[in-house]
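In what follows, a structure is listed as C-alpha cells, so that the remarks can point back to it.
Because only heavy atoms are used, hydrogens play no part in the values below, and waters and symmetry mates are left out as well, while side chains stay in.
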2 protein chains.
Amino acid sequence: MYILLMNARDRLIESAQELLWERGYVGTSPRAIQERAGAGQGSMYHHFSGKPDLALAAVRRSAEALCALAEAELAGPGGAVQRISAYLRRERDVLRGCRIGRLTQDPDIVADPALRQPLRETFDRLRRRLAEVIAEGQARGEIAADLAAADLAATILAALQGGYVLARAAGTAEPFDRAVDGALALLRRAAPSSS
Amino acid sequence: MYILLMNARDRLIESAQELLWERGYVGTSPRAIQERAGAGQGSMYHHFSGKPDLALAAVRRSAEALCALAEAELAGPGGAVQRISAYLRRERDVLRGCRIGRLTQDPDIVADPALRQPLRETFDRLRRRLAEVIAEGQARGEIAADLAAADLAATILAALQGGYVLARAAGTAEPFDRAVDGALALLRRAAPSSS
DNA sequence: GTCTATACGCTGATAGAC
DNA sequence: GTCTATCAGCGTATAGAC
C-alpha cells in the first residue's frame with residue numbers, strides 16, 4: 001500500500017480526497033479522514049487549521065489531477081472531434097461520478113468562496129481548453145465555423161457532467177454512454193460539409 | 001404564508017423538500033425539518049418512521065412536480081425543436097440546481113434502492129419523453145432520422161443537468177446558458193436539409 | 001509531530017405524558 | 001396527534017503532555 005509510505009500530511013490529504021469524492025464535504029468528518037489516513041486528531045490539527053483547510057488542500061489536488069487527465073486526451077493525436085471523442089470516451093468508473101462536479105452540490109463548498117474557487121477554475125479551464133480544440137477544428141474545416149466554440153465547449157462539458165448525474169440515478173453507465181454518443185453524433189453532424 | 005395552513009404532515013414533507021433541495025440528504029437533519037415545519041419531534045415520528053421515510057415522501061413529491069413542469073413545456077405548441085427549446089430555456093433559478101439531480105450526489109440516497117428509485121424513474125421518464133418528442137421531429141422531417149433519438153434525449157437531459165453543475169461551480173448562470181444554447185444550435189444543425 | 005483527554009452542541013431516535 | 005424528556009454516539013474542535 002503506497003499510502004502507508006507517505007507522511008501524515010499527505011496521507012491526510014489523500015484520504016480527504018477519497019472521502020470528498022465518495023461522500024462530499026458535508027458527509028465527510030475529520031474523524032473519518034483521520035481514521036482512513038491512520039493519523040490522530042493531533043496530527044491533523046497540527047498540519048491543518050481545521051476541516052475547511054484540509055478540504056481545500058484536497059480539492060486543489062483533485063482539481064489538478066482532473067485537469068491533467070483531461071489534458072492528456074485533449075492534447076493527444078488526431079483531429080478536434082477525435083480528441084474530444086477520446087476525452088469523453090476515456091475509461092472511467094462512471095458511477096463514482098466526477099470528483100469536482102459532485103462538490104458543486106455541497107452547500108458548504110459553494111457558500112465558501114475559497115472552497116469554490118478550485119471548482120470554478122477547473123471548469124473554466126476545461127471549457128476554455130475545449131473551446132480551443134473546437135476552434136482548431138473550425139479553422140481546419142472539421143466543424144462549422146458559424147457555431148460558437150464557447151457554447152459548444154460548455155455543451156460538451158455539461159453533457160459529461162450531466163451524464164454522471166443520469167448514470168448515478170439509473171445505477172448504470174448506460175445513460176452516460178448515450179449522452180456521450182449523442183453529443184459526438186451531433187458534433188459530427190456539425191461539419192461544414194453538412195450545411 | 002400558505003405553509004401555515006397545511007397540516008403537520010404536509011408541512012413536514014414540504015419542509016423536507018426544501019431542505020433536501022438546499023442541503024441534500026446528508027446535510028438535512030430531522031430537527032432542521034421539524035423547525036422549518038413548525039412541528040415537534042413527536043409529530044414527525046408519529047407521521048413518519050424516521051428520516052428515510054420522510055425523505056422518501058419528500059423526494060416522491062418533488063419528482064412528480066419536476067415531471068409535471070417538464071410535461072408542461074414538452075406538450076406545448078410548436079415543433080419538436082421549439083418545444084425542447086422551451087423546456088431548456090424555461091425560466092429557472094439556475095444556481096439552485098435541480099432538486100432531483102442534486103440527490104444523485106448523496107451517498108445515502110444512491111445506496112438505498114427505495115430512495116434512489118424516484119430518481120431513476122424521473123430521469124427515465126424525462127429521457128423517454130424527450131426521445132418521443134425527438135422521434136416526432138424526425139418523423140416530421142425536422143431532425144435527421146439517422147440520429148438515435150434515445151441518444152439525443154440523453155444528451156439534452158445531460159446538458160441540462162451538467163449545465164447546473166457548471167453554473168454552481170462558476171457562481172453564475174452563464175455556463176448553463178451556454179450549454180443550452182450550444183445544445184440547441186447543434187440540434188438545429190441536425191436538420192435533414194443540412195445533410 | 002503525534003498522542004490522549006476533555007468539551008459542547010448536534011443527530012437521530014425512543015418513551016411516555018397529555 | 002403533539003409535546004417534553006432523555007439518550008448514546010458523533011462532529012469538530014482545544015489543551016497540554018510527550
Side-chain angles (χ1 to χ4, degrees), chain A residues 1 3-59 102-103 105-112 114-115, chain B residues 1 3-59 103 105-112 114-116:
Chain A
M1 303 297 274
I3 204 172
L4 292 177
L5 300 173
M6 303 187 324
N7 61 38
R9 194 187 137 85
D10 283 333
R11 290 203 314 273
L12 283 163
I13 293 180
E14 204 151 289
S15 299
Q17 286 183 271
E18 293 171 11
L19 282 164
L20 285 174
W21 197 348
E22 293 166 18
R23 306 198 41 84
Y25 184 83
V26 172
T28 296
S29 68
R31 173 193 277 254
I33 298 171
Q34 293 152 24
E35 266 170 27
R36 187 170 295 208
Q41 296 265 86
S43 185
M44 183 191 129
Y45 284 100
H46 171 72
H47 291 291
F48 303 96
S49 70
K51 176 178 169 177
D53 189 36
L54 171 50
L56 182 58
V59 171
R102 71 109 50 243
L103 298 177
Q105 303 306 328
D106 242 304
D108 293 2
I109 295 257
V110 171
D112 181 339
L115 279 171
Chain B
M1 303 298 271
I3 204 171
L4 293 176
L5 299 172
M6 301 188 324
N7 60 38
R9 193 187 138 85
D10 283 333
R11 289 202 315 272
L12 283 163
I13 293 180
E14 204 151 287
S15 300
Q17 286 183 271
E18 293 171 10
L19 282 165
L20 286 174
W21 196 348
E22 293 167 18
R23 306 198 40 84
Y25 183 84
V26 171
T28 297
S29 68
R31 172 193 277 254
I33 299 171
Q34 293 152 24
E35 265 169 28
R36 187 171 295 209
Q41 296 266 84
S43 183
M44 183 192 128
Y45 283 100
H46 170 74
H47 291 291
F48 303 95
S49 69
K51 178 177 166 177
D53 189 35
L54 171 50
L56 182 58
V59 172
L103 299 176
Q105 304 304 330
D106 241 305
D108 294 1
I109 295 256
V110 171
D112 181 338
L115 279 171
R116 185 162 60 78

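- Following rounding to the nearest Å, B:Ile33 (CD1) and C:dA13 (P) show an atom-to-atom distance of 10 Å.
- Look at OH on A:Tyr25: it is 13 Å from P on D:dG11, rounded to the nearest Å.
- One interatomic measurement links the two molecules: CG of A:Leu54 to P of D:dG11, which rounds to 15 Å at whole-angstrom precision.
- At least one donor-acceptor pair under 3.5 Å links the side chain of B:Asp112 to the backbone N or O of B:Ala114.
- In this structure, B:Arg9 places its CZ atom 11 Å from P of D:dT2, rounding to the nearest Å.
- Contact annotation: B:Ser29 reaches the phosphate of C:dT11 (side-chain N/O to OP1 or OP2, under 4.0 Å).
- Checking side-chain atoms of A:Arg23 against main-chain N and O of A:Thr28 turns up no donor-acceptor pair under 3.5 Å.
- Atom CG of A:Leu12 is separated from atom C1' of C:dG1 by 12 Å (rounded to the nearest Å).
- The phosphate of D:dT2 has OP1 or OP2 within less than 4.0 Å of a side-chain N or O from B:His47.
- Both B:Gly38 and A:Tyr45 lie close to DNA chain D; mapped to their nearest nucleotides by heavy-atom distance, the more 5′-ward contact belongs to B:Gly38.
- Looking at which nucleotide of DNA chain D each of B:Gln41 and A:Gln41 is closest to, the 5′-most match is held by B:Gln41.
- Distance from the side chain of B:Pro30 is smallest to C:dA13 among C:dA13, D:dC3, D:dA13.
- Shortest non-hydrogen contact noted between A:Ala55 and A:Tyr25 is CB-CE1, 3.4 Å.
- Look at CG on A:Asp108: it is 14 Å from P on D:dG11, rounded to the nearest Å.
- Summarising the geometry, the separation between CZ on B:Arg31 and P on C:dG12 is reported as 11 Å, rounded to the nearest angstrom.
- Rounding to the nearest 0.5 Å places CG of A:Asn7 at 8.5 Å from CD1 of A:Ile13.
- The separation between A:His46 atom NE2 and D:dA17 atom C1' is 16 Å, rounded to whole Å.
- Minimum interatomic distance between B:Leu103 and B:Val110 (heavy atoms only, all atoms of both residues): O-CG2, 4.3 Å.
- Between D:dA13, D:dG11, C:dG12, one nucleotide has an atom nearer to the side chain of A:Pro52 than all others, and that is D:dA13.
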